[in-house]
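Only one structure is covered here, and it is reproduced in the block below.
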There are 2 protein chains.
Amino acid sequence: MARTQGSHAGITGPRIREAALRLFAEHGFAAVSMRQIASAVGLQAGALYNYTPDKQALLFSLMKEHMDDLLGDLSRLPSQDAPQARLESFVRFHIAFHLDRPELVFIAYMELRNLTPENFRVIEGLRRDYEDALERILSDGVAAGSFEVADTKLATLAVIAMLTGVTTWYRPDGRLSVPEVQDLYWDMVRKSVSA
Amino acid sequence: MARTQGSHAGITGPRIREAALRLFAEHGFAAVSMRQIASAVGLQAGALYNYTPDKQALLFSLMKEHMDDLLGDLSRLPSQDAPQARLESFVRFHIAFHLDRPELVFIAYMELRNLTPENFRVIEGLRRDYEDALERILSDGVAAGSFEVADTKLATLAVIAMLTGVTTWYRPDGRLSVPEVQDLYWDMVRKSVSA
DNA sequence: GTCTATAAATCGATAGAC
DNA sequence: GTCTATCGATTTATAGAC
């Protein structure tokens, strides 16, 4: 089955998503026009609608794939270790994953309010699943006497907020390497939930 | 000097700022039109330009005032105490201040990219002043042997990120009171910088 | 100080040619 | 699959009456 002349299916789609990702992260979903996205890929605006039914679906698709990747990678972490080891794995994973895709992280947080209600519920549910995984580690650690945490739900949100904040300041050419950042954050998290 | 008929100077201005604040926080700066703001205050769009030269100045004004309030209140905290006491004051202050104005906090972080370059530099400088105040506390504590922090700059950003995250989940009618939240976060912060 | 009216530009999305 | 052209709505901001 030969491709139609001028067709770039399989390559144009991803390029559109990458351009949208970059532009949404830089200017915000509402501030970016379909014409801007098309221009960044070398297309006219109308051609975008061969790849997405509308602008909203493009945003949702980016966020959904991001959350699926996050939960997919998370599920591959060792889950039989002691709570302290699982917490360390979580901390190092969270930092590495988020530093690897700062634009997606930014969008997944900043553009929640630009999702339609039903799309919002989907993303919010996935986010909740992720939080629950960390809370489970903390609860197990408290039950085992490894951690001393007065409120596991609050501690979960506090740790995630602390770790995710790394994307706001980390620069690859900066003072610290990723492993150094992981070590420093792990040290703080470890102490914050210790007895 | 009698006021012109129909004039509401001194009351309309603040009402416009409050409406803009609420709408920006809910939908984002770029997604809110001057007509929406005017409508929320019972005006036509043109009337807004008696109070702000343009939409950008309205956003900047909200963010600038917020940062000035933050630094003003911060400067009134006791600064002669021991590092541990100063850190506790900072943590409790940060939480109380931010929970008291979640919409401004949200905007001051989310809409940075919608500021013009010169306006961005102003806000970024004030934010840096605030971070420096916390880093000073941590550095003093390390020098005094009260804290054990491997990297005071990273610890500063980590603590601020953790604390500011409270605005994303706290609800006044929720499970925890503000003092309870302050206690829980202070416990985690205290341990995270301890020896 | 607020209004109506409007300028000038841009928006998302669609239709139809190729 | 991409193009040109366009619809209809909306945008910021301004001009001028009152």
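In the text below, chain A, chain B and the rest are named by the order of the sequence lines, each starting its count at 1. The figures here come from the full heavy-atom set of this structure, side chains too, leaving out hydrogens, waters and symmetry mates.
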**Report entry** Any A/Tyr51 side-chain N or O less than 4.0 Å from OP1/OP2 of D/dT2
**Finding:** yes
Query raised in the report: Is there a residue in residues 41-49 of chain B whose heavy atoms reach under 4.0 Å of DNA chain C, and which residues are they?
Result: B/Gly42, B/Leu43, B/Gln44, B/Ala47
Query raised in the report: Rounded to whole angstroms, how far apart are CD1 on B/Ile11 and P on C/dG1?
Result: 14 Å
**Report entry** Polar side chain donor-acceptor pair, A/Gln84 to A/Ser146, under 3.5 angstrom
**Finding:** no
**Report entry** Heavy-atom closest contact (B/Met188 atom, A/Ser192 atom, distance)
**Finding:** O-CB, 3.5 Å
Query raised in the report: Any idea which of C/dT2, C/dC11, D/dA13 is nearest the B/Asn50 side chain?
Result: C/dT2
Query raised in the report: Can you check the B/Lys55 NZ to D/dT14 P distance for me, whole Å?
Result: 15 Å
Query raised in the report: How close do B/Leu87 and B/Phe147 get, heavy atom to heavy atom, and via which atoms?
Result: CD2-CZ, 3.7 Å
Query raised in the report: Rounding to a whole Å, what distance do you find between B/Met34:CE and C/dA5:P?
Result: 20 Å
Query raised in the report: Given atom CZ of A/Arg35 and atom C1' of C/dA9, what is their separation to the nearest angstrom?
Result: 11 Å
Query raised in the report: When you check the phosphate oxygens OP1 and OP2 of C/dA13, does a side-chain N or O of A/Thr52 lie under 4.0 Å from one of them?
Result: no
Query raised in the report: Any side-chain N or O of B/Ser33 less than 4.0 Å from the OP1 or OP2 oxygen of D/dT10?
Result: no
Report task. Would you confirm whether the ring centroid of B/Phe90 sits within less than 6.0 angstrom of the ring centroid of B/Tyr130? Result -> yes
Query raised in the report: What is the minimum heavy-atom distance between A/His98 and A/Val105, and which atoms define it?
Result: CD2-CG2, 3.4 Å
Query raised in the report: Among A/Phe60, A/Phe106, A/Phe29, A/Tyr109, which residue meets the ring pair (Phe, Tyr, Trp, His ring centres under 6.0 Å) test with A/Phe24?
Result: A/Phe29
Query - A/Ile16 CD1 - D/dG1 P separation (whole Å) - result: 10 Å
Query raised in the report: Roughly, in whole Å, what's the span from CZ in A/Arg15 to P in D/dT2?
Result: 10 Å
